[in-house]
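Below, read A as the first sequence line, B as the second, and so on, with proteins coming before strands; counting in each chain starts at 1. Small disclaimer: the values here were computed from a predicted structure and weren't measured. All values below come from the heavy atoms of this structure, side chains included, with hydrogens, waters and symmetry mates left out.
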There are 2 protein chains.
Amino acid sequence: MSRTAIATKKVTIRDVARLAEVSYGTVSRYLNGNEHVSTDAARRIAKAIEESHYTPNKAARSLAQQRTSTVAFIVQVESIATLLQASTAAAMAEANQTLGDAGYQMVTLIANSEDSTQRIAQLVQSDFADGYLLFSLSEDDSLINIFRTAHRPVVLSEASDRSTAVSYPAVDFANADGQCSITRYLLDQGKIRLAYVCGPGYSPSSSKRLHGFKQAMGAYFDDSHVYYADDWEIASGEMAAVEFQPMLHDLDGIVCANDNIAIGVINQLRRFGYRVPEDIAVTGFDDSPIATMMDPKLTTVRQDSWLHGRVMSQLLLRMLHGEVVDHQTVKLLPTEIVTRQSA
Amino acid sequence: MSRTAIATKKVTIRDVARLAEVSYGTVSRYLNGNEHVSTDAARRIAKAIEESHYTPNKAARSLAQQRTSTVAFIVQVESIATLLQASTAAAMAEANQTLGDAGYQMVTLIANSEDSTQRIAQLVQSDFADGYLLFSLSEDDSLINIFRTAHRPVVLSEASDRSTAVSYPAVDFANADGQCSITRYLLDQGKIRLAYVCGPGYSPSSSKRLHGFKQAMGAYFDDSHVYYADDWEIASGEMAAVEFQPMLHDLDGIVCANDNIAIGVINQLRRFGYRVPEDIAVTGFDDSPIATMMDPKLTTVRQDSWLHGRVMSQLLLRMLHGEVVDHQTVKLLPTEIVTRQSA
DNA sequence: CTGTTAGCGCGTTCAC
DNA sequence: GTGAACGCGCTAACAG
């Protein structure tokens with residue numbers, strides 16, 4: 001009972017004022033770094049805060065200054081399992097970190113159903129966050145429109161190719177460049193008879209990567225050598241290899257839209273009796289953790305997902321600080337080819 | 001300009017009241033499901049809300065009713081990379097989902113430094129969330145104490161072995177049971193000369209798993225056959241195998257504290273020329289995604305991380321609904337041994 | 001059943 | 001430099 005007054009009730013700004021013998025208006029000024037506070041008062045207030053263990057109430061502060069110090073990270077995925085992918089998790093973690101260091105809390109919202117999308121739209125309308133990070137793996141427009149009425153900054157995780165009514169600044173990887181580079185890497189080795197396994201059609205990244213491949217192939221490009229997968233998973237890679245079977249003996253390599261697909265392709269190729277990379281070279285995209293766990297280790301295009309999350313939030317932070325950023329702004333993050341064993 | 005009144009200014013509850021021709025107190029009652037609203041008024045209010053696109057302001061509501069409809073998921077990790085682990089990511093995703101369905105937003109807080117821990121403590125004091133999920137992979141007490149003054153429900157992700165001053169309900173896996181079972185599985189095959197690779201000492205799960213191993217081994221347990229790793233990573237498994245090298249030819253199997261370590265052990269064993277499982281059987285723990293990607297596929301103890309996140313949040317939700325839960329409550333989630341190729 | 005009113009805790013003019 | 005008062009948008013308790 002001799003402990004420092006077991007504060008059973010909430011201590012408010014008034015309590016602090018009383019303790020410091022000033023009006024609570026002064027305390028408020030002190031808290032918000034206003035110039036007009038005598039050093040003497042400041043000292044007393046600091047002491048009072050210390051003693052009373054005062055912490056400003058977040059809701060009240062939000063209400064008064066119309067800011068929440070919260071940023072929403074909205075992930076749009078078909079399956080919630082996507083959140084386990086290293087690229088998503090890394091971007092989320094780093095965004096969280098960056099925003100946290102800047103004094104913002106990050107709330108993660110998952111849009112994977114009608115219901116959840118509806119809930120999120122409601123939330124956005126209720127002004128519960130100061131800004132939004134839209135991490136979308138599909139190009140579904142339903143979500144992008146909920147920000148129209150909330151006049152708050154938004155940053156997208158992918159550059160949209162088609163021009164929608166509304167647009168926001170985006171941070172994306174140089175997908176085309178990456179795929180182009182790794183294709184050239186194969187070509188330079190004389191492996192010119194190449195096939196391509198494309199990612200799902202709904203994904204912008206998917207088409208950009210295909211575009212990079214086309215670019216590198218130039219006149220050699222042959223659409224009959226492209227398999228269009230329905231998703232980014234291993235199984236799709238296996239199906240692709242099956243599809244390619246008739247022409248396999250005429251192929252020098254297979255360029256894949258991502259690592260998972262590449263793994264599937266390699267697995268199936270092996271079952272068909274082909275050696276990788278001796279008979280057929282295979283490349284991936286992402287440089288996900290499994291790329292180095294495979295045998296052979298994957299030659300792939302590396303993209304830094306941590307960087308993705310960081311740059312997205314840095315851009316958002318600048319907007320939150322009042323900087324005006326053109327809606328059309330697109331920051332392209334570099335990719336890098338990592339040569340290992342599979343090609 | 002003929003559009004439905006381009007609402008440039010925030011529409012408040014008063015606007016709705018005016019439109020519906022009732023006092024805003026009535027609108028508030030309507031919004032909060034209060035009985036005492038005539039069906040006629042209700043209809044008019046509903047219409048007004050519809051037309052005005054009204055959405056209650058979250059901060060104001062939080063301030064008035066002293067609830068935020070927010071839950072904080074606090075992850076305590078040494079390295080932020082831990083967030084990439086499937087078990088962590090899955091628990092987070094499922095908790096998010098479960099809480100979201102119940103109308104709560106989940107904000108993720110990462111405690112990985114002095115600074116961040118300090119920030120989080122501040123936040124908790126500022127009453128910014130209604131409840132807390134503490135997902136801790138270490139048994140650092142610094143965080144557990146920040147909830148003392150915030151009189152809000154807390155659920156832990158691990159049962160603490162040592163009795164701390166404060167304690168909260170916890171949801172954990174039957175770690176000991178799992179490791180005990182899989183060890184018995186080996187013993188039953190006549191593989192009785194077993195070594196153990198233990199996880200890092202700071203982790204309760206780590207010691208619980210070791211305990212399960214001891215339990216199964218009974219009198220056969222020999223501490224010189226235990227390697228104590230510093231972390232949960234692949235490299236530690238490799239080091240363990242190196243350490244065990246002199247006794248390898250006398251071993252039937254190696255039980256590992258988790259999948260990563262098991263993979264490291266297998267890799268190193270191969271380099272030494274041992275076949276798995278023919279010469280030496282190896283088991284993991286977690287059943288992480290890589291367990292099936294390895295060759296040989298890992299025989300391991302499966303734990304459902306999604307379930308972990310779900311049960312934790314369900315428990316928290318019940319507490320948020322007013323149910324009183326004993327601080328000492330520990331819900332143990334079942335584990336299951338999955339036999340594949342490595343043992 | 002409904003209108004009125006007093007807070008919730010804090011920011012922000014204003015005079016002084 | 002400082003205090004008083006009002007407002008943020010909404011809830012809840014109280015009359016009526």
Item to check | Donor-acceptor pair between Thr98(B) and Gln314(B) side chains, under 3.5 angstrom | outcome: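 Result is no, nothing qualifies.
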Item to check | Smallest separation among heavy atoms of Leu320(A) and Pro153(A), with atom names | outcome: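 Nearest heavy atoms, Leu320(A) then Pro153(A): CD2-CG, 3.5 Å.
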Item to check | Over all atoms of both residues, closest heavy-atom pair of Leu63(A) and Ala59(B) | outcome: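 Residues Leu63(A) and Ala59(B), closest heavy atoms: N-CB, 3.8 Å.
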What's the [atom1]-[atom2] distance between [X] and [N], to the nearest Å?
X         : N       : atom1 : atom2 : answer
Gln125(B) : dC10(C) : CD    : P     : 14 Å
Arg43(A)  : dG1(D)  : CZ    : P     : 16 Å
Arg44(B)  : dC1(C)  : CZ    : C1'   : 12 Å
Glu21(A)  : dT2(D)  : CD    : C1'   : 15 Å
Lys58(B)  : dC8(C)  : NZ    : C1'   : 15 Å

Checklist entry - Under 3.5 Å, is there a donor-acceptor pair between the side chain of Ser157(A) and the main chain of Ser136(A)? => result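 Yes, Ser157(A) side chain to Ser136(A) backbone: donor-acceptor pair under 3.5 Å.
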Next on the checklist: Donor-acceptor pair, distance only, cut-off 3.5 Å: does the side chain of Thr26(B) make one with the backbone of Val22(B)?
Outcome noted: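 Side chain of Thr26(B) to backbone of Val22(B), a donor-acceptor pair under 3.5 Å: no, none is there.
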Next on the checklist: Over the length of the helix from dC1(C)-dG16(D) to dC16(C)-dG1(D), how much do the five-pair end axes diverge, rounded to 10 degrees?
Outcome noted: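 For the helix from dC1(C)-dG16(D) to dC16(C)-dG1(D), the axes at either end differ by 40°.
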Item to check | Heavy-atom side-chain contact between Leu156(A) and Ile144(A) under 4.5 Å | outcome: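 Leu156(A) reaches Ile144(A) side chain to side chain.
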Checklist entry - Just by protein heavy atoms under 4.0 Å, how would nucleotides 8-16 of chain D read 5' to 3' in B, S and -? => result BBBBBB---
Checklist entry - Hey, what's the ring geometry for Phe73(A) with Phe135(A), parallel, tilted or perpendicular (30° and 60° as the breaks)? => result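 Plane angle under 30°, so parallel.
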Checklist entry - Which value, rounded to the nearest 0.5 Å, describes the distance between Thr117(A) atom OG1 and Gln76(A) atom CD? => result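 Going from the OG1 atom of Thr117(A) to the CD atom of Gln76(A) covers 6.5 Å.
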